[in-house]
Structures are given as structure tokens and as C-alpha cells.
Amino acid sequence: MALCWVYWVAGLSSIQTRATPAALLPEEQPYVERAGIQYSARPYTSLLTVPNGEQFGNWTWPEMCPDKFFAVGFMVRVESEQYGLDDTALNGIRLICAKDEDRSFLYTIESHTGFFGDWSDPQYCPRGVLTSFQLRVEPHQGLFSDDTAANNVRFRCSSNPTLAGAGLDYGEYSLWSQDCGDGGICGIETKMEEYQYGLDDSSLNDVRFHCCAKFQQ
């Protein structure tokens with residue numbers, strides 16, 4: 001497990017060098033910790049949803065950034081095009097949480113993810129936090145066709161840039177979700193179809209994000 005954390009720290013550091021956020025110098029390596037469910041009791045103000053999520057699977061468990069931390073970036077787990085075999089496309093979304101503009105100490109949250117594909121390099125808001133999203137979803141293809149469900153995700157930052165994941169191109173993007181307003185995205189919950197044991201897998205079908213207020217009393 002220790003080797004795994006070294007890998008993620010190195011991966012995040014290399015992308016930070018290319019993106020050069022003001023809060024983290026290129027030679028610095030951020031400390032990254034998996035938050036899991038230990039902060040799931042954090043209060044939130046609203047849920048961000050989109051209407052085009054698919055029907056397969058069940059909602060799983062929420063994972064939340066620690067108090068005063070907000071999502072400032074993300075990674076996606078994507079299975080590449082399988083060329084006639086079973087495609088699953090987007091399998092997971094991992095949020096990267098930071099406190100204020102300090103990118104040297106980070107937490108990650110992801111809820112339940114699928115089993116296929118590789119994690120992308122992280123993308124970050126140049127400043128600010130993630131505040132809304134779009135989900136690209138392929139609608140149900142029928143009984144004897146290959147379903148991929150969720151294919152990609154886009155986020156909008158409070159500083160206005162839009163960040164797009166490295167997903168596949170099946171289906172269409174939803175309209176933008178509601179905005180977190182005076183706060184930012186602080187949690188994630190996924191709707192996941194479990195492994196189908198040789199039948200048609202679709203993996204990630206839908207996602208919803210929690211908003212927290214920036215200044216909580």
C-alpha cells in the first residue's frame with residue numbers, strides 16, 4: 001500500500017509541474033491521502049444531479065472531502081475502445097480535495113468505481129474549486145447491443161474554466177447541473193452496475209455531487 005501512495009504522489013506532482021498552479025511550485029510534491037468514508041458525516045447544502053444518467057445498477061456510498069476542503073481537480077478511470085468486444089467507457093471519477101489554495105496536502109474521494117480501464121492524469125482548476133458538472137451518457141442500446149452508459153464528465157470551476165475528462169465519445173452531454181453557489185463540490189456518490197460475469201457490463205451509470213458552503217458556522 002505504501003508503494004501505491006508513492007505512485008499517486010509522483011503522478012500528481014508531474015501533472016502539477018505542467019499545469020503550474022500558483023499554490024504549488026513545480027519541484028514540490030504534494031502529500032496525497034485517500035479519504036474514503038471517514039468524512040461521510042460532513043454536512044452539505046445541496047446535491048448536484050443531471051437528468052441523463054442510465055438505469056443499470058444501484059446508488060452506492062457517499063465519500064466527502066474533510067471539513068474546509070473542497071474539490072479542486074479530478075481524475076477519471078476509463079476503459080479504452082474495445083473494438084467489437086464489451087465496452088464500458090467511464091468507470092470512475094476521483095475528486096482531488098484541497099483546503100483554500102494550498103495544493104501541497106490533498107485528499108482523494110471516489111465512491112464506488114468500476115473494474116475496467118486506467119486512471120487518467122489529474123486536472124486542476126487554475127484557482128478556485130469545482131462548482132458544477134455535465135455527464136456524457138450513451139442511452140440504453142437495447143437487449144442485444146453493447147451498453148456503455150456514462151462515457152465522460154466535464155466540470156466548471158468557480159474561476160470559470162471548464163475541465164473535460166479523457167473519456168470516450170458515445171452519447172451526448174447533459175445540460176449543466178445546478179451550481180454550488182457560494183461554496184463548492186465536496187462529495188461524490190456513484191450509481192454503479194456491478195460486474196456482470198461475461199455478460200454486458202456498463203459500470204458507471206450516473207453520479208451526483210455534494211455541495212458544501214464555503215464558510216460554515
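Using cut-offs of 30° and 60° on the angle between ring planes, the pair F155 and F74 is tilted.
A salt bridge is absent between R94 and E63; no separation between the charged side-chain nitrogens and carboxylate oxygens falls under 4.0 Å.
The SG atoms of C125 and C157 are placed within less than 2.5 angstrom of each other. With 2.5 angstrom as the limit on SG-SG distance, C186 and C97 do not come in below it.
Not a single donor-acceptor pair under 3.5 Å links the side chain of S174 to the backbone N or O of Q134. Distance alone, capped at 3.5 Å, places no donor-acceptor pair between the E101 side chain and the R127 backbone. In this structure a side-chain-to-backbone donor-acceptor pair under 3.5 Å is missing from D100 to D102. Within the 3.5 Å criterion, the main-chain N or O of G114 finds a donor-acceptor partner in the side chain of R77. Side-chain atoms of T131 never come within 3.5 Å of backbone atoms of C180 as a donor-acceptor pair (strictly under, hydrogens ignored). Between the N58 side chain and the E193 main chain, no donor and acceptor come within less than 3.5 Å of each other.
The distance from the CE atom of M75 to the CD1 atom of I93 is 12.5 Å, given to the nearest 0.5 Å. From I185, atom CD1 reaches atom CG of L95 across 7.0 Å, with rounding to the nearest 0.5 Å. Atoms CG and NZ, from D182 and K214 in turn, are 9.0 Å apart once rounded to the nearest 0.5 Å. With rounding to the nearest 0.5 angstrom, the CG atom of N151 is 7.5 Å from the CG atom of L90. Rounded to the nearest 0.5 angstrom, N205 CG and W59 CH2 are separated by 9.0 Å. The CZ atom of F133 lies 9.0 Å from the CD1 atom of I188; values are rounded to the nearest 0.5 Å.
Judged purely by distance below 3.5 Å, without hydrogens or angles, the side chains of T60 and S111 pair a donor atom with an acceptor atom. No side-chain donor-acceptor contact under 3.5 Å links T113 and N91.
Counting non-hydrogen atoms of other residues, nucleotides and ligands closer than 6.0 Å to CD1 of I37 gives a total of 12 or fewer. Heavy atoms from other residues, nucleotides or ligands lying under 6.0 Å from CD of E172 number 12 at most. Shown here is Q178, whose CD atom has no more than 12 heavy atoms of other residues, nucleotides or ligands within 6.0 Å.
Put simply, the side chain of V72 does not reach to within 4.5 Å of the side chain of L130, judged on heavy atoms. Side-chain atoms of S104 and P30, non-hydrogen and from C-beta on, never get closer than 4.5 Å to each other. Considering only heavy atoms from C-beta on, C212 stays 4.5 Å or farther from P43 through its side chain. By the 4.5 Å heavy-atom criterion applied to side chains, F56 and K191 are not counted as neighbours. Between Y44 and C211, the closest side-chain pair of non-hydrogen atoms is not below 4.5 Å.
Considering every non-hydrogen atom in both A35 and I109, the closest pair reads CB-CG2, 3.6 Å. The nearest pair of heavy atoms linking R136 to D169 is NH2-O, 3.1 Å. Between A98 and L106, the shortest heavy-atom contact is CB-CD2, 3.7 Å. Taking every heavy atom of both residues into account, H210 and P62 meet most closely at CE1-CB, 3.8 Å. Residues R103 and G128 come closest through the heavy atom pair NH2-O, 3.7 Å.
Taken together through direct or relayed side-chain contacts under 4.5 Å among Ile, Leu, Val, Met, Phe, Trp and Tyr, Y31 and F69 form part of one hydrophobic cluster. Cluster membership check: W176 does not share its hydrophobic cluster with V137, using side-chain heavy-atom separations under 4.5 Å among Ile, Leu, Val, Met, Phe, Trp and Tyr.
Taking the ring centre of Y173 as origin, the terminal cationic atom of R154 falls inside the region bounded by 6.0 Å and 45° from the ring axis. The side-chain tip of R42 points at the ring of F70 from less than 6.0 angstrom away and within 45° of straight on.
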_Please evaluate residues L168 and V78 with respect to the criterion side-chain contact (heavy atoms from CB on, under 4.5 Å), reporting the C-alpha separation (whole Å), side-chain torsions for both, the decisive distance (0.1 Å), and the verdict._
CA-CA 8 Å; L168 299 188; V78 178; 4.3 Å; yes

*asked:* Walk me through whether Y39 and Y107 qualify under ring pair (Phe, Tyr, Trp, His ring centres under 6.0 Å).
replied: CA-CA 11 Å; Y39 303 106; Y107 284 89; 5.8 Å; yes

